[in-house]
**Q** 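Quick one: the structure is below, questions incoming.
The sequence lines fix the lettering, A, B, ..., with proteins before strands; numbering per chain opens at 1.
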Amino acid sequence: MNSRTEHAPIIQMKNIEKHFGAVIALAGVSIDVYPGECHCLLGDNGAGKSTFIKTMSGVHKPTKGEIVFDGTPMNFDAPRDAMEAGIATVHQHLAMIPLMSVSRNFFMGNEPVKKRFGIPFLDKDKADTVTMQEMRKMGINLRGPDQAVGTLSGGERQTVAISRAVYFGAKVLILDEPTSALGVRQTSNVLATIDKVRKQGVAVVFITHNVRHALAVGDRFTVLNRGQTLGTAQRGQITPDELQDMMAGGQELATLDDALGGTV
Amino acid sequence: MSDATQTPPPPADERIKDISPLRQALIRPELGGMVGTVAVFTFFLLFAFDSGMFNAQGVMNWSVVSAQFMIIAVGACLLMIAGEFDLSVGSMIGFAGMAIAIFSVTLGWPTWMAIIVTFIMCCSIGALNGFIVIRTGLPSFIVTLAFLFILRGFTIYFPQKLERKTIIGGIADAAEGDWLAPIFGGKIGQGLFQWLGDMGVIDVFERGTRQGQPVVDGIPMLIVWAIGLVIFGHLLLTRTRFGNWIFAAGGDAEAARNSGVPVNRVKVLMFMFTAFCATVFATCQVMEFGSAGADRGLLKEFEAIIAVVIGGALLTGGYGSVIGAALGALIFGVVQQGLFFAGVESSLFRVFLGVILLGAVILNTYIRRMITGER
Ligand SMILES: Nc1ncnc2c1ncn2[C@@H]1O[C@H](COP(=O)(O)OP(=O)(O)O)[C@@H](O)[C@H]1O
Ligand SMILES: [Mg+2]
């Protein structure tokens with residue numbers, strides 16, 4: 001466990017502030033995300049979780065603060081920049097296109113091509129083979145690569161999106177509430193996928209407001225509350241009850257301060 | 001909960017449900033078009049075989065009409081799959097034809113220049129449609145409805161202003177000896193058809209100035225364009241990465257953007273391609289008739305959309321097939337001309353159109369449910 005904390009963070013968010021007009025969505029949030037770890041972001045609705053990861057993935061520019069990626073300060077102008085740097089985001093509802101096949105979805109935006117008569121045609125064989133193979137790795141047996149994503153369960157769709165991001169070389173994988181709309185079994189599938197991805201050395205940022213989901217796979221836990229954070233706790237330094245109380249808001253702040261053991 | 005009542009899943013995968021080959025065959029956008037084509041041909045072969053519909057002239061007759069529908073259906077199909085509509089197609093046909101007439105007859109430009117300038121102008125208007133839709137976020141239905149009126153208005157205004165009439169003729173004379181005009185107005189395969197006539201496979205004229213010539217003396221370039229555009233559209237959609245972007249842009253623009261698909265570029269290009277197809281239609285028509293009229297292309301936008309829907313495309317975008325749209329156009333042409341051959345009151349064609357449109361939309365909704373598993 002301790003050896004983990006020694007290696008360098010892949011991404012450091014330093015005192016990130018984000019204002020939307022008069023609304024202060026983020027009032028100075030800092031976290032360090034490490035490769036091979038799952039960093040859980042918890043917090044109630046409206047706490048600023050989505051806004052925070054959007055500054056990380058290039059959707060929003062932070063009003064103040066610094067993003068350091070792999071040791072160099074970064075200034076993402078567009079999601080494309082973050083993607084090219086290796087930061088992939090899986091949005092809850094906007095990841096997959098139900099009417100398109102799994103293989104077409106998997107390679108959407110990164111389609112493999114093969115030249116024939118000098119014309120770059122879609123390399124469907126490659127797309128299909130890779131898709132089947134990557135899906136099998138994640139424990140999803142497809143009827144065929146042409147199966148429409150619409151026929152997959154919500155959990156399977158998340159898994160396709162996650163394995164796609166990993167296949168295309170994501171170093172940081174951001175998952176915005178991937179389990180919030182899922183049933184028990186589908187949730188456990190997604191959590192198992194997160195575990196597999198983390199073991200491949202990818203840094204995972206996992207947003208949830210379910211403490212049990214967070215504790216099942218998390219290595220570090222950061223709770224956001226009204227755009228602020230009380231700091232980050234490591235696995236084993238915090239009990240489920242403490243985490244739950246922290247989520248619930250202000251009342252228990254005094255006890256939490258102790259629980260976090262000075263990392264605040 | 002429901003999990004408890006399930007039997008333990010087999011080690012392979014419980015998620016794989018056997019899907020019957022029939023059901024799998026049903027989940028194809030072309031299905032409606034294929035069934036419809038077979039049904040329509042069966043019907044007319046049974047009830048109108050002796051009407052002349054299936055001799056060389058008859059076949060050429062409905063082939064030309066179907067080819068016209070196909071040319072605009074290909075554009076409308078790709079655009080609809082990309083998630084947008086173009087209601088200005090019909091007006092664009094009138095506008096493009098009139099532009100060629102004014103450039104070549106009124107202004108006296110060489111025909112090739114008139115055609116090329118018209119293509120550039122019309123594709124730019126298509127791009128403008130696309131830019132407005134993308135920049136404003138308005139539904140393309142409204143934006144292109146505006147252009148339906150704007151373009152039709154200009155198509156009536158300019159010839160009246162310049163020539164004091166709404167039909168401009170003399171295009172064929174102006175195009176005499178032009179190198180580009182035959183690409184739209186010419187015919188191919190004359191030698192073959194003469195040979196077929198000589199062999200007695202197809203009828204030849206018995207008397208008159210064309211005595212000895214076959215009644216069908218070649219394949220009009222219109223049909224060549226139609227086939228070419230269908231093949232191009234089909235390959236583009238199913239075999240290229242751009243085709244994947246078309247599906248993605250129409251399926252869910254936001255998800256596509258998140259995956260790095262240049263959605264705006266795809267949509268603008270599809271608006272331009274639709275305008276291109278309308279201009280091809282107009283150029284072929286103007287070269288064939290030798291004149292341009294201010295009322296050409298009326299209602300063509302709806303006919304194109306109906307052909308595309310019969311071909312299995314979803315009005316909501318993200319799903320469809322160029323082959324299906326081509327079959328939709330074929331059904332369209334065969335029925336329209338077939339009713340004529342069979343001596344049926346032509347107003348009944350509209351009744352047929354409405355009924356088949358409704359049927360196709362209902363079938364498509366059902367197929368969509370099967371694909372996405374929604375109820
Ligand atoms: N684009 C925006 N413009 C204005 N206010 C916003 C915008 N995005 C988020 N907010 C506000 O910021 C706060 C945090 O929202 P969000 O990050 O979505 O919370 P969470 O994901 O934790 O539920 C909310 O009060 C929300 O209304
Ligand atoms: Mg959120």
**Q** Would you indicate whether B:Arg239, at its atom CZ, is surrounded by more than 12 heavy atoms from other residues, nucleotides or ligands within a distance under 6.0 Å?
**A** no
**Q** Stepwise, does the side chain to side chain contact (heavy atoms under 4.5 Å, CB included) test hold for A:Met100 with B:Asn244?
**A** CA-CA 9 Å; A:Met100 280 164 62; B:Asn244 209 37; 3.6 Å; yes
**Q** Going by ring-ring contact (aromatic ring centres under 6.0 Å, His included), name the residues that satisfy it together with B:Phe69, two or more places apart in sequence or in a different chain.
**A** B:Phe332
**Q** Spell out, as yes or no, whether a donor-acceptor pair under 3.5 Å connects the side chain of B:Asp252 to the backbone of A:Ile97.
**A** no
**Q** Quick one: closest heavy-atom pair of A:Met83 and B:Asn258, and the distance?
**A** CE-O, 3.1 Å
**Q** Quick one: what part of B:Leu236 sits under 4.5 Å from any heavy atom of chain A, side chain, backbone, both or neither?
**A** neither
**Q** What option among B:Gly243, B:Ala248, B:Gly251 has the most heavy-atom pairs under 4.5 Å with chain A?
**A**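 Looking at each of B:Gly243, B:Ala248, B:Gly251 in turn, B:Ala248 comes out on top.
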**Q** Output a table of donor-acceptor pairs, distance under 3.5 Å, between side-chain atoms of residues 112-125 of chain A and any protein atom two or more places apart or on a different chain; print 'none' if there are none.
**A**
from     : atom 1 : to       : atom 2 : distance (Å)
A:Asp123 : OD1    : A:Lys126 : N      : 3.3
A:Lys124 : NZ     : A:Asp128 : OD2    : 3.1
A:Lys124 : NZ     : A:Asp146 : OD1    : 3.2

**Q** For A:Met108 and B:Ser259, work out which heavy atoms get closest and say how close.
**A** CE-OG, 3.2 Å
